[in-house]
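Note sheet for the following structure.
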Amino acid sequence: MTKHRGFPSRLPGTDFQFTLRRANPKGATRLIRRDRYADRRPADRRADAWFLWALWDYFGDAPFERGNLDGGRLSWLFEREVVAAEDPFDPESYEALLRLDPARIDASFPGLRENGPQD
């Protein structure tokens, strides 16, 4: 499992996890598309924005390996702002390649790429 050194491990001051310390011996958590409903808690929406901003700051629009990025947190953005960068795509692999979709980021989180998350 690739460890993305320098990537934030969690949202500061919270228990919202962004990375894993070690690989799960049973395999990586399957990436799925999770629905983001309008009534989600503000803290959850803030965690999404901060995680997405960290991804953009660290990787930009280049493809990247899933590695030690938290599968649960990625699933909130998967198939929208974060998309598969390879075909066939294995959603249960730490080596799976992903990429960010700048147009979707701008539509879902206006100003995030330029200004960072606004609290």
Report task. Can you tell me which residue pairs pass the salt bridge (charged side-chain N to carboxylate O under 4.0 Å, His left out) test with a partner in residues 53-71, sequence neighbours excluded? Result -> none
Report summary line: Residues passing the salt bridge (charged side-chain N to carboxylate O under 4.0 Å, His left out) test with Asp44, sequence neighbours excluded, are Arg41
Query raised in the report: Which heavy atom of Phe109 sits nearest a heavy atom of Leu52, and at what distance?
Result: CD1-CD2, 3.4 Å
Query raised in the report: Under the side-chain contact (heavy atoms from CB on, under 4.5 Å) criterion, do Phe89 and Leu31 qualify, and how do the steps go?
Result: CA-CA 10 Å; Phe89 177 75; Leu31 293 181; 4.0 Å; yes
Requested in this report: Determine which pairs satisfy side-chain hydrogen bond (donor to acceptor under 3.5 Å, both in side chains) with at least one residue from residues 93-102, sequence neighbours left out, and list them in order.
Outcome: Ser93-Glu95
Report summary line: Residues pairing under ring pair (Phe, Tyr, Trp, His ring centres under 6.0 Å) where one sits in residues 11-42, two or more places apart or in two chains, turn out to be Phe18-Phe51
Query raised in the report: Residues in side-chain contact (heavy atoms from CB on, under 4.5 Å) with Pro63, at least two apart?
Result: Ala85
Report task. Only pairs at least two apart or in different chains count here, so list each side-chain hydrogen bond (donor to acceptor under 3.5 Å, both in side chains) that has a residue in residues 73-82. Result -> Arg36-Glu81, Asp48-Arg73, Glu81-Ser108
**Report entry** Student check: side-chain heavy atoms of Pro102 and Trp56 closer than 4.5 Å
**Finding:** yes
Query raised in the report: Below 4.5 Å, heavy atoms only, C-beta onward: do Pro117 and Leu112 meet side chain to side chain?
Result: yes
Report summary line: salt bridge (charged side-chain N to carboxylate O under 4.0 Å, His left out) filter on Asp15, not counting sequence neighbours, yields Arg10
**Report entry** Spatial distance of atom CG (Leu55) from atom CG (Leu98) [nearest 0.5 Å]
**Finding:** 9.0 Å
Side-chain donor-acceptor pairs of residues 19-30 under 3.5 Å, sequence neighbours excluded:
from	atom 1	to	atom 2	distance (Å)
Asn24	OD1	Lys26	N	2.9
Arg30	NH1	Glu92	OE2	2.9

Report task. Determine whether Leu97 and Phe59 fall in the same hydrophobic cluster, where Ile, Leu, Val, Met, Phe, Trp and Tyr are linked whenever their side-chain heavy atoms lie under 4.5 Å apart. Result -> no
**Report entry** Value rounded to 0.5 Å, distance of CZ in Arg40 from CZ in Arg46
**Finding:** 11.5 Å
Requested in this report: Please report the closest heavy-atom contact between Asp90 and Ala96, naming both atoms and the distance.
Outcome: O-CB, 3.4 Å
Requested in this report: Quick one: list whatever passes side-chain contact (heavy atoms from CB on, under 4.5 Å) with Tyr58, sequence neighbours left out.
Outcome: His4, Phe7
Query raised in the report: Given side chains that start at C-beta, do those of Asn68 and Thr2 come closer than 4.5 Å, heavy atoms only?
Result: no
Report summary line: Between the CG atom in Leu100 and the CG atom in Leu77, the distance rounded to the nearest 0.5 Å is 8.5 Å
